[in-house]
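To start, the structure itself, in structure tokens.
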Amino acid sequence: MLDKTLRALAAFSIERPRLVIGLTLSATLAFASLLPRMTVDTDPKHMLPETSAVRRHNDQVEKDFALHADVLVVGVVQEEGVFDSETLSSIARLTSEIQRIPGVVSRDVTSLATVDDVTAEEGGLAVRPLLRRIPDSEDELAALRRAALGNPLLAGRVVSRDGTAAAIAVPIEPQANGKQIADEIRRLLPKESAGVRYLLAGDPLARDTFGAEMFRQMALFSPLAGLVMCLALWLMFRSLPLVAANMGVALVGIAWSMGLLVGLGFPVHIMSSMSPVFLMAIATDSVHIFNELAFRVRDVGWSRDVRGAILETIAAVGKPVFYSDVTTAAGFAALATAHIVPVRIFGLVVAFGTLVILLMSFTLVPAILALLPEQRLARIVRRARETSEREPSLLARLGDLCQRRAGVLAAAAALLLALAAVGLFRIRVNNNMVHWFRPESAVRAADRELNERLGGTATGYLVVEGRDADAMKDPALLRAVEGLQRELERDPLVGKTTSLVDVVKRVNRALHKDDPAFDRVPDSADEVAQGLFLLATSARPSDLDNLVDYPFQQTNVTLQLKSWDAGAMRGVIRRAEEHLARHPLPGGATLAPAGVAHFNMVWSDEVLWGMLESFLAGLVLVLALLVAQTRSLRWGIVAFLPLLFTIVVIYGVVGLIGKDFDMPVAVLSTLSLGMAVDFAIHFVARFQQRHREGGELRDALVYTVARPGKGIFLNALLFASGFAVMVFADLTPYVTVGVLMAAVMLLSALASVVFLPGLISFFRGVLLQGGAK
Amino acid sequence: MNRTRLPAGVLALVLATGAAAQAPRDEKRPANALEVLERSQAAFYYAGADMKARVTMELVAGAGKKRTRVLTMLRKNDSAGKRQKYFLFFHEPGDVRRTAFLVFKHPEKDDDRWVFVPAMSMVRRVAASDSRSSFVGSDFTYEDVSGRDLSADTHALLREEKLDGTDCFVVQSVPNAGAEYTKKLAWIDGRTFLPLREEYYDARGALARVFTADKVEPVLGSDGKTWPTVSVRTMKQVQSGHATVVRFEGVAYGVGLDDTLFTERALQDPPQRWTR
């Protein structure tokens, strides 16, 4: 049934090649015309649907405390100390210029030039701007330094504790582009002089720089990967029309699927930006058609009816090509079960593109082949004959060896699997957006230095909520929060914590003539309330709003973390929970985490579990398809084994070399299933065919290793060469994907060709009686 | 702060026109922007010889979250000059009840402020911070409550236009030195000289704060004069959505406040007749 349909499709395309090509071309142009409407989205928040509990809670916390989700940090570093007139005026000037940039939330820009200092003055409380004017005398500068570094609300936040770096926190509007604003800020920066250096960091910068880079990198690497594959194809077949046919299929697949994505109104995310490379690689499946055609024309002589040869080729390789593409599509479609929205979209886009490629293999490819002038085909055949003299015999010897030395191979495989198992247990799940840039990149260098000098660039929140309004005026609860803060600060990744308690203590001390003995939470709720009221009568409202909600029911413990690792926040939460188990919060108060750091942790976990589910779903799906294709459970399992081996070894290596199991790696694990199984499908299908045609087991195996085996190796090489180009990308997820995909494809090709002969001959009793007739 | 004292002549004129605020419009047209603003300050900040009011402030954050403050405001003008004394006694929120502020406003230098903190039963000086600081945590600044020095800005009378049916002068003020705003537009009632609307623009030229006089009522003073009074006013932060709504109730002019009320001693233990 399937065979007939495929053959009919190919026959029609050979009869009416110009019609088929014309139709394909117009459909492709229609899809391609949608591409200019493309938009990008790199906000990790959009990884989870808007309705997810963690997103809602996060939005609520931001609303309750008038916080901004997106904050850029400008670091001003002066090794001699920032407290000199020149550096201070530069900070003041820069601050006011940044406040004028459209998209910046001017009123909440925070730096030495905007913050208030709460002190005791003339025996009373004074709240005034820290930097009312730029001091010029040494004494005044020293006094300013003492004031800033002595105020725990400022030291580690707007100025480093050693005074060598100052920070300007620049909150931006939700719809503003972090990279564009960062670029504007860069234009404002004075020439680095007299040892003053300027650094830019922050989540929106990383995210939006990544978005801009993503486009640039894919615009560079998609064509480059294509070019490399073209070159490899040409070296294999020395035929431009064949290269063109292959690339044509790839381009059609890319145009249709990306056009559909854009047309449906979805933005392009980090994952879907890689679709073109994946589709180009998947399109190399048609190599099996060319490979078989070359062998066939050589066998029967090219002077015979070319169209007949094409049809016979389709008859021979049609089914494995069909099944390998369907398993690939299924592997990608399995991603649709993920919770991560962009991953789901990516899976469906590539699955669709793969099906388009499948359709093209039976329409566009035969049509192009049918239009080939006969001399061209003759040249292909000559080339094939030259190489086939050497290679198949080499491959034939390999096929022979694989059967005789099956025991040695099995032992080697077992050893590799044992090693890999060790690696699997050492896999560390983590996500760190800053690490998506290369270590030497400006984004990562700035982040590293600011983390060394200041409290930390990653922000997390722990919201303490009392049972009733005014709970945050209860001295007992405030002291408990203070105890929690001290405990959290023992974590080396926690640079600084800030909460309402710090303000309460500061005000109490100022009201008691700056006596250090009163640097503590006062004893009565009325004292707390009146101290805060007094502060509110002279400070800016926003000074308190970030730390306590309107009804004084919640306080926001702000954490500055020194690492964007998802694990850093997990450590903080665990530490907080352990502390609260020993010292529960009074009055039934509760604790809830939020903030960017927490969000990253949650979606990182979602990625792991979501991808694990998709992975298992993918495994089952692929096995089911193998069983369907071979019409035998046993054959299905045998064809499945090389894939399993490949996956275990690759992820074992990931664990052994200590590479983080992050989003790109997690997603790859699922989609590599559908692609890596292709080789086993081709191998088993062609072996069964040969064996059915009456070959002896041993000869049939040698034939399979030599002839379709060559197609398998060519396919894997093409695939790997396309992906290997991405090693040179500036963004590490592309590097990871490039290396891993190349490794998976090569190992899986090798595993299929090397292990399957041994497996088949070892289990021939079970396999060949029932399953294969 | 480099403020200049106004010449006595101008001041006399200001007070005179303030007192005659109810007079028909054609009596004396202001000659320029400065004159409009001087008459406006006289009408808005200096009405009567003294004033008593119960003030309710509602601080509204987005999503209907509110903080309420209730206080008694007592104000006394100095017999000469633009000096004023304020006494603010808080009734609510409950945990700050009896907290009281004393403010001496000097046009020529920083204000003097004292606070009584009942939980610590002590009076402390509160150093006056600059003009941008908030008045008791509201969206009004101290300047909004007691008036900004007119010589700190350069003024221009832009046009006369109707605002909700009332003839208004539209005056633009641009600060001479750095301030919280870069430009202010004020719509000043041509008859009462009360500000009906003010728009404050930030460094980017974007609208940042808007003041509106939501309700104006005539109040008969003990001297027999009628003082038009803004009894409900709102200050809204356009960009954050924060707003403060202030209601003046039981407003009385010429109630006979004497200087003994404006002392540290009275701050700790104010006479009940004034704070009830």
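Keep in mind that what you see is a predicted model, and the values were worked out from it rather than measured. A, B, ... follow the sequence lines: proteins, then strands. Residue 1 opens every chain.
Contact count versus chain A (heavy atoms, under 4.5 Å) is highest, among B:Val115, B:Asp202, B:Thr99, B:Leu59, for B:Leu59.
Across B:Arg204 and A:Gly103, no two heavy atoms sit closer than the pair NH1-N, 4.1 Å. Here the closest heavy-atom approach between residue B:Met120 and residue A:His512 is recorded as SD-CE1, 4.0 Å. Heavy atoms only, all atoms of each residue included: A:Asp545 and B:His242 are closest at OD2-NE2, 3.6 Å.
Contact annotation: the side chain of B:Val60 never approaches that of A:Tyr550 to less than 4.5 Å [non-hydrogen atoms, C-beta and beyond]. Within the 4.5 Å cutoff, no side-chain heavy atoms of B:Gln239 are placed close to those of A:Asp108.
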Residue pair A:Leu511, B:Arg124: steps toward the side chain to side chain contact (heavy atoms under 4.5 Å, CB included) verdict: CA-CA 8 Å; A:Leu511 279 176; B:Arg124 288 275 183 256; 4.3 Å; yes

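The part of A:Asn508 that comes within reach of chain B is its side chain, from C-beta onward, which places non-hydrogen atoms under 4.5 angstrom from that chain. For A:Ile101, the part lying under 4.5 angstrom from a heavy atom of chain B is the backbone only.
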Exercise answer: donor-acceptor pairs, residues 521-530 of chain A side-chain atoms, under 3.5 Å, sequence neighbours excluded:
residue  : atom : partner  : partner atom : Å
A:Asp523 : OD1  : A:Arg479 : NH2          : 3.1
A:Ser524 : OG   : A:Glu527 : N            : 3.1
A:Ser524 : OG   : A:Glu527 : OE1          : 3.3
A:Gln530 : OE1  : B:Ala119 : N            : 2.7
A:Gln530 : NE2  : B:Asp95  : O            : 3.0

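By a heavy-atom distance cut of under 4.5 Å, not one residue of residues 260-270 of chain B is near chain A.
Within 6.0 Å of CZ on A:Arg520 lie more than 12 heavy atoms contributed by other residues, nucleotides or ligands. No more than 12 heavy atoms of other residues, nucleotides or ligands sit less than 6.0 Å from atom CZ of A:Arg467.
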